[in-house]
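Data first, discussion second: the structure below is written as structure tokens.
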There are 2 protein chains.
Amino acid sequence: MDAVRKDIYNSEIPDFCRDCGARLGGVCGALTPEQLTEFSRQTSRKVVQPGGELHGQGEPVHSYANILKGVVKLTKIMPDGRQQIVGLQFAPDFIGRPFSIESEFSAEAATNIEVCALPKAALEQFVNNISNFGHRLHKQALNELDDARDWMLTLGRKTAREKVATLLHLIATHIAPDKSEVLHFELPLTRQDIGDFLGLTIETVSRQMTKLRQEKVIHVENNRTITVHDFGRLADIAGIDG
Amino acid sequence: MDAVRKDIYNSEIPDFCRDCGARLGGVCGALTPEQLTEFSRQTSRKVVQPGGELHGQGEPVHSYANILKGVVKLTKIMPDGRQQIVGLQFAPDFIGRPFSIESEFSAEAATNIEVCALPKAALEQFVNNISNFGHRLHKQALNELDDARDWMLTLGRKTAREKVATLLHLIATHIAPDKSEVLHFELPLTRQDIGDFLGLTIETVSRQMTKLRQEKVIHVENNRTITVHDFGRLADIAGIDG
DNA sequence: CGATGTCTTGAAGCAGTTCAACCAGGGTGG
DNA sequence: CCACCCTGGTTGAACTGCTTCAAGACATCG
């Protein structure tokens, strides 16, 4: 780490960050190369398997993380076991409630994920010393708030059919490789996860997926690989736009 | 405004703010007396009738406001008229999406309200010049996010009975005068509003209220005045805690 | 005192749940 | 290599909680 390699194009950026997909987005986009170096010294890359917990509901938050790859689900669970996913996060989102208090939900890997974790103390140091850093976190919170409110409309007022279409639309816009009319992607969620996100049972989710398949709105392979034939049609069914 | 009256107890606080219930909470709590004076110079008090809009869905945000009194509902509406309340705000909450872009929902007075409105330019000035100000806004956003996610669980996984109890619990904790076991308050929402908040029809809301009344969990006068006899029982029915 | 808006109550219908059986893929071990 | 199971998904049939539609009660206000 002392002998920093340099090249013409990325002269000051630390090795550690050079190949990172999240470098320009999320909180890291706020950092100068020197700050990035300092940042990278305090963080550690972690790989987490599906189902692995980043933090549990009711636990104090002691660590934060930047998602580099994969999907993280935020879930709430009631004492009797009923479960609700209250947020999905994709690269380069930031995980963890700043100004701690204990977490009101658990954060769990939905797919294989790769994160850049940093301890609470480091986060606080960055917030205090880097002017843009707090601002970036604020913006992320506002985005999550907008997403949460969109989803409240989905949960409260949409039919099962619209809900499933809305979910597919959401996933597609976040992880599909291109923005053409025909989209192709891997579902990062199980049917159970989808049910828990939409406030439905797995059976209802399955039935609605089957219907969309029969109507040729989507094509499904191996239960997880989805092709959307007509993105506009999907948005229409989801009740998005006017 | 030039001849500032002073008294022994509130020497530097502007007249304008002296009787304000929100002075110590919300964003104003971050301000020194001098800043408060500057702040008060840029703001104007407004009274809004129930149904009055602070800003509409899809409009650019050009004004912000601090709630001094009353309740504001944030609502989303679909092209076909289906409606969902995505947030309730009480004094001393702050209204308006910082870093504008257009608003994704409308903010509307649910009761008679009194607000302290300030233009976008003034907000930006405060964010840039007062170090705590942005931090307060950030905290407010995080609180709203926690609230939104709590509500997602309510919308997605609770029964009609639990939903109604959850709403009563929410209102009670926000506007009830004291924290004793027996609570007494005015409902700031119509049955339609309650339905739009809970993702239910007004008929279902009414039926569940009747049931809670018959079970002596609550007492209702004039459809709007509620007495909660046993707060713990209400929380229990709402599925809150363990 | 009728008129209007808000809330309640009842009865019928239906979207989504529940319960149960079945199916496909992917180990594992005899 | 097949028998076995185990997990995740689908499909069917019966049920039910909420909605829908319709009528009535209550309060407020010209």
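Labels below follow one simple rule: chain letters A, B, ... track the order of the sequence lines, proteins then strands, and each chain is numbered from 1.
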Over how many whole Å does the gap from [X] atom [atom1] to [N] atom [atom2] extend?
X        : N      : atom1 : atom2 : value
A/Glu221 : D/dT10 : CD    : P     : 14 Å
B/Gln208 : C/dT8  : CD    : P     : 12 Å
B/Arg157 : C/dG16 : CZ    : P     : 13 Å
B/Asn222 : D/dC26 : CG    : C1'   : 11 Å
A/Leu200 : C/dT18 : CG    : C1'   : 14 Å
B/Ile194 : C/dT8  : CD1   : C1'   : 14 Å
B/Asp193 : C/dT6  : CG    : P     : 10 Å
B/Arg82  : D/dT19 : CZ    : P     : 13 Å

Next item on the list: Could you walk me through whether A/Glu114 and A/Lys46 pass the salt bridge (Lys or Arg N to Asp or Glu O under 4.0 Å) test, one step at a time?
Entry: CA-CA 6 Å; A/Glu114 205 180 322; A/Lys46 275 185 195 165; over 6 Å; no
Checklist line | C/dT18 OP1/OP2 closer than 4.0 Å to side-chain N/O of A/Thr201 | finding: no
Notebook entry, point to check: Is any side-chain N or O of B/Asn223 closer than 4.0 Å to OP1 or OP2 of C/dT8?
Noted result: yes
Checklist line | Test applied, side-chain contact (heavy atoms from CB on, under 4.5 Å); reference residue, A/Lys211; option that passes from A/Met209, A/Arg207, A/Gln208 | finding: A/Gln208
What's the closest nucleotide to the [X] side chain, out of [options]?
X        : options               : value
B/Arg224 : D/dC18, D/dT10, C/dC7 : C/dC7
A/Glu203 : C/dC19, C/dT9, D/dG9  : C/dC19
A/Arg207 : D/dG9, C/dC7, C/dT17  : C/dT17
A/Ser206 : C/dG16, C/dT8, D/dT10 : D/dT10

Notebook entry, point to check: At under 4.0 Å between heavy atoms, what does B/Ile202 touch on the DNA or RNA strands: base, sugar-phosphate, or nothing?
Noted result: nothing
Notebook entry, point to check: How would you label the contact of A/Gly195 with the nucleic acid (heavy atoms, under 4.0 Å): base, sugar-phosphate, or nothing?
Noted result: nothing
Item checked: Cationic tip of A/Arg136 above A/Phe94 ring, under 6.0 Å, 45° of axis -> no
Notebook entry, point to check: For the residue pair A/His169 and A/Phe231, is the inter-centroid distance of their aromatic rings smaller than 6.0 Å?
Noted result: yes
Margin query: Using heavy-atom distances to pick each residue's nearest nucleotide on DNA chain C, tell me which of B/Arg213 and A/Thr204 is more 5'.
Written below: B/Arg213
Notebook entry, point to check: What is the distance from atom OG of B/Ser206 to atom CD1 of B/Ile194, rounded to the nearest 0.5 Å?
Noted result: 9.5 Å
